[in-house]
Amino acid sequence: MSIQNNLNDIKSQLPEHVTLVAVSKTKPVSNLLEAYNAGQRIFGENKIQEMVEKYEQMPKDIQWHMIGHVQRNKVKYMASFVSLIHGVDNFKLLKEINKQAKKHNRIINCLLQIKIASEESKFGMTLNEAEDILNSADFSELKNIKVVGLMGMATFTEDLNQIEKEFKLLKTSFDRLKILQTANCKLQTVSMGMSGDYKLAIDCGSNMVRIGSSIFGTRNYSN
Ligand SMILES: *Cc1c(COP(=O)(O)O)cnc(C)c1O
């Protein structure tokens, strides 16, 4: 199957309210262009340097999403163009994003990453930590960021019951936090679901799925 066919196939299965982020990490620009020419305009990358390089080479009407773990000292490289940062999991990072966004006289949309997986290795904050941040006076002073939703990654397991439980936890967290509407906080997006579990994620309330290998094929990390 071609990238175009894969894309059309997935899009035909997504409900209208669900946004598709095409995860193009490790893939060459030629692959991204194929998706672009098939109509895709939202791309997700997990490394800032790689996203910057692709941003420079690709058409300028693309929305670039940073879906990976973000190191504070690298925020500056993407601050001029990034459209949504999914993996925000601490207040210091929010502050740095705000600072860099201000330099470019813009507002950067962010998702708070909630730890829903039981695995030790997954990043993210607890619901209570997120709630504390959103309620804090320090947060209300960040005028150049806007928290527009939550992001989560389920445990890497075959156990669909466990994945479902974790997705439902993210949706419950979203429902609880979305009542906190302020100048820089209005939760609308629930980013959860990847190639292997996006249908389940949508059933559990996702409205943004991040799909890589089902569009671009399996990734080869050896080169
Ligand atoms: C790689 C990645 C994806 C896409 O994974 P696939 O299984 O290839 O669809 C989604 N979200 C994040 C955070 C990723 O790093």
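Every number for a ligand or one of its atoms is a count from 1 in the order of the listing.
Using a cut-off of 4.0 Å between Lys/Arg side-chain N and Asp/Glu carboxylate O, Asp175 and Lys171 are scored as salt-bridged.
Close contacts of ligand 1 with Ser195, meaning ligand atoms under 4.0 Å from a residue heavy atom, involve 6 (P), 7 (O), 8 (O), 9 (O). If you number the atoms of ligand 1 from 1 as listed, the ones under 4.0 Å from a heavy atom of Arg210 come out as 4 (C), 9 (O), 10 (C), 11 (N), 12 (C), 13 (C). Ligand-side atoms of ligand 1 in range of Ser213: 6 (P), 7 (O), 8 (O), 9 (O), range being under 4.0 angstrom from any heavy atom. Applying the 4.0 Å criterion to heavy atoms of Met153 picks out, from ligand 1, the atoms 13 (C). Each of the atoms 2 (C), 11 (N), 12 (C), 13 (C), 14 (C), 15 (O) of ligand 1 lies under 4.0 Å from some heavy atom of Ile67. Near Ile211, with a cut-off below 4.0 Å to any heavy atom, the atoms of ligand 1 are 9 (O).
Considering both main-chain and side-chain atoms, Gly212 comes within under 3.5 Å of ligand 1 through a nitrogen or oxygen pair.
Remark: Phe216 engages no residue in a ring-ring contact (aromatic ring centres under 6.0 Å, His included) (not counting sequence neighbours). Every residue two or more places apart in sequence or in another chain was checked for a salt bridge (charged side-chain N to carboxylate O under 4.0 Å, His left out) with Arg72, and none qualifies.
Side-chain atoms of Gln57 and Glu53 include no donor-acceptor pair closer than 3.5 Å. Between the side chains of Glu34 and Ser2, not a single donor N or O lies within less than 3.5 Å of an accepting N or O.
Cation-pi geometry between Lys60 and Tyr55 is met: under 6.0 angstrom from the ring centre, within 45 degrees of the axis.
For the pair His86 and ligand 1, no heavy-atom separation below 4.0 Å is found.
Checking each of Glu164, Lys165, Glu166 against Gln162 for a side-chain hydrogen bond (donor to acceptor under 3.5 Å, both in side chains) leaves exactly one that passes, namely Glu166.
Here atom 2 (C) of ligand 1 lies nearest to Lys25 when heavy atoms of Lys25, Met194, His65 are compared.
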